[in-house]
J.: 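Pasting a structure below so you can have a look.
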There are 2 protein chains.
Amino acid sequence: MKTAEKTSSVGTRERIVRATSRLLQRQGYEGTGIKQISREAEATLGSVYHFFPGGKQELAAEAIRHGDQEFAVILRAGLGSAEDLTAAVTTCTTLLARELRGSDWQDGCPITTTALETVGRAPVIEQAVTEAFANWQAIVEERLRTAGIGAEDARELAGTVINTLEGAELAAQVARSEEPLHIAGRHLARLLATYLPQD
Amino acid sequence: MKTAEKTSSVGTRERIVRATSRLLQRQGYEGTGIKQISREAEATLGSVYHFFPGGKQELAAEAIRHGDQEFAVILRAGLGSAEDLTAAVTTCTTLLARELRGSDWQDGCPITTTALETVGRAPVIEQAVTEAFANWQAIVEERLRTAGIGAEDARELAGTVINTLEGAELAAQVARSEEPLHIAGRHLARLLATYLPQD
DNA sequence: TACTGGATAGAGCGTTCGTTCTAGAGAGGG
DNA sequence: CCCTCTCTAGAACGAACGCTCTATCCAGTA
């Protein structure tokens, strides 16, 4: 089926998905052209349409799924960084802030822009976006339950944690400052503390 | 200078700004064309470039300022709806949820999409976005101080309130559900309560 | 060697983009 | 009456858009 990889480089399909994900993150859906993607991925237009016969929408949906995983990694890293729940949450915001600053405030949430642009008009993409949000919420929810928060509270709080992180990341990007994220971390920690069993 | 308005309709410039604002809210910056704007505003291309010689960017910046005021009205209405701070906050989320559902989940925050698309690449627009966020934060901050919260806490909390509302509105739009907004309202109320003087 | 099918390559389709430009409409002042 | 100036009107420009299409390359199999 496939010969062993001769070089250490990744396959064409993977390069296309990665390039698309990064471009969507930085320029959004409408602002990103297929030709720019193929250029950036060092693939030809023929290859793009070979792997993604569904065109731009199918490609974007796959890129969203890629961004989903990417963000989930950060989330898990932050949430698993400490026994203390509130410390874990602030680690999350610190990680996000670092990544944001490191990219000169360019790389915010990998899917938000595309999500907003396509809401209500591109079902394939919306589906991927919905799954990503649900995935992130589930990750946070599980951590909250581990910390002893009840099922229903954990579910609702997880949603608010994700939403607040999203909003703070947007604000940080616009303001070119880590402050909104750090503040969000502190406020989320304080909110969660009111639900912790020992209270 | 100007003859008295003969009809009750608004002027051409105003129609252009309103149409642009609504289109940017729903389709974002890259997804909205000048010709679509002129069509929607019932103005000609000549009129658009007459009033906005700076082109699409200048027009978008003006539309952002329009959206700024629009959102500020809702914010003030919600925050001023009750003596009780926490009740006022949940009124905000209720108002936003109503508007969102009423537009079939189309009309979220009037500026977020454009803000994300143009961050770091359209200074004129970024400026308008920054001012809008600062404006909203100031509105919330003042209300928090009225409720007796200290200056620094009020400033930081105001930022988180705006950010969380932004994030929750995005989630509500994607999920086509009022729930994220209502939950955000409850959590924000709870967070704010921990800062209230009588605690 | 001949054949097959996945992958690559890019010219070209019709359309739309943001912008420019010229022309004219219409009211107000001289 | 004409001149001026604001505003309206839309044709036209080059560039970029998403996508289709044919041609070619090349490893694997027979």
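In what follows, chains carry the letters A, B, and so on, assigned in the order in which the sequence lines appear, proteins first and then strands, with residues in each chain numbered from 1. Everything numeric here is computed off the predicted structure, so don't read it as measured data. All heavy atoms count here, side chains included; hydrogens, waters and symmetry mates do not.
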J.: Scan Ser38(B) against the nucleic acid and name what it touches under 4.0 Å (heavy atoms): base, sugar-phosphate only, or nothing.
T.: nothing
J.: Check whether any side-chain N or O of His50(A) sits under 4.0 Å from OP1 or OP2 of dA7(C), and answer yes or no.
T.: yes
J.: Report which part of the nucleic acid Gly55(A) touches: base, sugar-phosphate, or nothing (heavy-atom distance under 4.0 Å, all strands).
T.: sugar-phosphate
J.: Checking contacts here: which listed nucleotide (dT8(D), dT8(C), dA12(D)) is nearest the side-chain heavy atoms of Ser47(B)?
T.: dT8(D)
J.: Roughly how many Å is it from CZ in Phe52(B) to C1' in dT20(C), rounded to a whole number?
T.: 18 Å
J.: Without hydrogens or angle criteria, can the side chains of Thr44(A) and Ser38(A) be said to hold a donor-acceptor pair below 3.5 Å?
T.: no
J.: Could you check which of dC19(D), dA9(C), dT19(C) has an atom nearest any side-chain atom of Lys56(A)?
T.: dC19(D)
J.: Does any N or O in the side chain of Thr93(B) come within less than 3.5 Å of the main-chain N or O of Thr90(B), such that one atom is a donor and the other an acceptor?
T.: yes
J.: Less than 3.5 Å apart, any donor N or O on the side chain of Glu169(A) or Gln173(A) sitting next to an acceptor on the other?
T.: no
J.: Quickly work out the Glu42(A) CD to dG10(C) P distance and round it to whole Å.
T.: 13 Å
J.: Would you say Ile37(B) ends up clustered with Tyr29(B) if hydrophobic residues are merged whenever their side chains have heavy atoms under 4.5 Å apart, either directly or through other cluster members?
T.: no
J.: To the nearest Å, how far apart are Glu30(B) CD and dC17(D) P?
T.: 10 Å
J.: Atom CD of Glu58(B) and atom P of dT19(C): how far apart are they, to the nearest Å?
T.: 11 Å
J.: Looking at every strand, decide which applies to Leu45(B) at a 4.0 Å heavy-atom threshold: base, sugar-phosphate, or nothing.
T.: base
J.: Is the shortest side-chain N/O distance from Thr12(A) to OP1 or OP2 of dT8(C) below 4.0 Å?
T.: yes
J.: Measure CD1/Ile16(A) against C1'/dG6(C) and give the value in whole Å, please.
T.: 14 Å
J.: Quick one: which of dT8(D), dA12(D), dG18(D) gets closest to the side chain of Tyr49(A)?
T.: dG18(D)
J.: Rounded to whole angstroms, how far apart are CD1 on Ile37(A) and P on dG18(D)?
T.: 8 Å
J.: Measure from the side chain of Phe51(A), starting at C-beta and using heavy atoms only, and say which of dA7(C), dT20(D), dA11(D) lies closest.
T.: dA7(C)
J.: Reckon Gly33(B) touches a base, only the sugar-phosphate, or nothing at all at heavy-atom distances under 4.0 Å?
T.: sugar-phosphate
J.: Do the side-chain N and O atoms of Glu166(A) and Thr112(A) include a donor-acceptor pair separated by under 3.5 angstrom?
T.: yes
